[in-house]
Amino acid sequence: SKRRIKNYLEKEFLMRICELFYSLQGEGTYIGVPSIFLRTTGCQLKCRWCDTPYTSIDDNLEGWNEPIENLVNRIIELRNQNNNVHHLVITGGEPLLQKDLHEFIKVIRNTPFVITIETNGALFNPSIKPDLFSISPKLKNSYPEEGNKHFKSHLAGNSNLSLSLPKYIASKIPYQMKFVVDTEADVPEIKDFISYKNSCKGIPVIVTKQMFIPFYCKIFYTIYIIIKCFANGNLSTSCHLFTYIKFIAYTKGDGHVIGC
C-alpha cells in the first residue's frame, strides 16, 4: 500500500556499533590486506575467552545507534584518509543480530568495498550477501562453566548452529571457517565440522590457538604478516607497515594470539 511504502521511505535505518577503525586483516583469505573494520554491538553467545567482552558479555555493552547514511559517509571518509582501501570487515559482537544489516549492505554495495562479515554462524539471513562470510563456529571449549550466569544463554544462543551452517553452505556465497583450539581434545569436533557433507573441501580453514605467548612470538608473526603483505602487493606505502607495527606495539605484553 502507499502508506506502507511511505513508512518504509521515512524509516531511519540504524546500526548499533562500538568501533570503526583502519588496520590490516590478521587472518584468513585476506590476511595482510589493509581494511576498515566496523564492529557492531551485541552477541547471543558468551564465550569464556571472548576478546571483545564490551560488545557481548559485559552488563553495560558499549556502543551507539548510528543512522546508516551517516555511517556509510564516515566509512568513506575513513577510506579516503587511508589510501582508498577497498576492504570492509563487519565484525562484532555478532553482526547478524543487527536488524538493519541487510539495509546497510544494500547501501554499502554502491561503494568499491569488498565486504567480509565475521559471524559465529549460529544465525543466518538470506537477504545478507557479502563477498565473504568468515564463519567461526564455537566449539564446546567456548562454553562458560555450568555455574556461570551466562552458561544457559550461551547454550541457547548456539543451539541453531546445526541448522544455520548448512544454509551458509547452500547460499553459494564464498566462505571460510575459523576455529579456536584450546586443547588437542578439540580436534575431533573440528573434523566433524569440516567434514560436513565434504562441504569444506577447497575452502580456507583457519585454526587459532587459544593461549598466551611471549611477545617475541608475536614478532615472528608480524614478520610473517609483512612478508605476506609484500607478496600480495598490499603494502603499497610505508603507512600500512607503520600501522601494523603500531598495532602490535599497542598490544605488547598481552600475549594474545589474534589469528594464524
Side-chain angles (χ1 to χ4, degrees), residues 13 15-17 27-29 38-53 55-57 61 89-106 109 115-146 148-183 185-208 210 259:
F13 296 106
M15 291 275 286
R16 185 153 186 84
I17 64 172
E27 60 190 24
T29 302
L38 172 65
R39 189 181 302 282
T40 63
T41 296
C43 185
Q44 84 279 24
L45 303 186
K46 311 296 177 186
C47 300
R48 65 181 180 86
W49 37 252
C50 179
D51 58 358
T52 55
T55 69
S56 58
I57 298 176
L61 299 181
V89 182
I90 306 172
T91 186
E94 172 49 60
L96 271 81
L97 283 176
Q98 301 292 316
K99 62 183 179 64
D100 290 336
L101 179 60
H102 63 292
E103 295 292 341
F104 172 75
I105 295 293
K106 279 165 46 177
R109 276 289 180 209
I115 305 166
T116 296
I117 293 181
E118 298 183 341
T119 175
N120 57 49
L123 302 172
F124 180 79
N125 185 336
S127 67
I128 296 172
K129 298 178 180 180
D131 297 289
L132 176 72
F133 278 116
S134 184
I135 307 170
S136 182
K138 296 304 178 279
L139 307 178
K140 292 177 182 177
N141 66 32
S142 70
Y143 289 18
E145 295 181 0
E146 287 198 36
N148 187 290
K149 66 179 181 179
H150 296 303
F151 176 77
K152 290 184 178 179
S153 61
H154 181 93
L155 202 64
N158 209 35
S159 61
N160 286 330
L161 181 61
S162 60
L163 299 176
S164 297
L165 194 57
K167 295 177 182 178
Y168 279 102
I169 296 168
S171 72
K172 304 300 181 182
I173 295 174
Y175 68 98
Q176 62 188 16
M177 299 189 77
K178 170 190 169 184
F179 299 96
V180 178
V181 176
D182 197 18
T183 68
D186 298 325
V187 174
E189 193 177 357
I190 293 175
K191 287 183 176 179
D192 286 342
F193 274 108
I194 64 178
S195 64
Y196 177 81
K197 293 185 178 179
N198 205 27
S199 60
C200 293
K201 185 176 181 180
I203 72 159
V205 176
I206 310 157
V207 179
T208 299
Q210 173 59 24

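Keep in mind that the numbers below use all heavy atoms, side chains included, and drop hydrogens, waters and symmetry copies.
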inquiry  = Regarding D131 and R109, does a basic nitrogen lie under 4.0 Å from an acidic carboxylate oxygen?
reply    = yes

note = When every non-hydrogen atom of K129 is compared with those of I105, the smallest separation belongs to O-CG2, 4.0 Å

Contact summary for S134 and Q176, nearest pair of heavy atoms = OG-NE2, 2.9 Å

ask   = Is a salt bridge present between K140 and E189, judged by a nitrogen-to-oxygen distance below 4.0 Å?
value = no

ask   = Just wondering, do Q44 and L96 contact through their side chains at under 4.5 Å, heavy atoms?
value = no

request  = Step by step, work out the side chain to side chain contact (heavy atoms under 4.5 Å, CB included) result for C47 and N120.
outcome  = CA-CA 11 Å; C47 300; N120 57 49; over 6 Å; no

query = So, the side chain of Q98 versus the backbone of T41: is there a donor-acceptor pair under 3.5 Å, distance only?
reply = yes

request  = Can you see which heavy atom on A122 is nearest to which on N158, and at what distance?
outcome  = CB-OD1, 4.0 Å

request  = State whether the side chain of E118 and the backbone N or O of V89 hold a donor-acceptor pair below 3.5 Å, judged by distance alone.
outcome  = no

task = Answer yes or no: is there a donor N or O on one side and an acceptor on the other, between the side chain of R48 and the main chain of S142, under 3.5 Å?
result = no

Ring centre gap for F133 and Y168 strictly below 6.0 Å = yes

Partners meeting side chain to side chain contact (heavy atoms under 4.5 Å, CB included) with L155 (sequence neighbours left out) = Y143, F151

ask   = Does any non-hydrogen side-chain atom of E94 lie less than 4.5 Å from one of T119?
value = yes

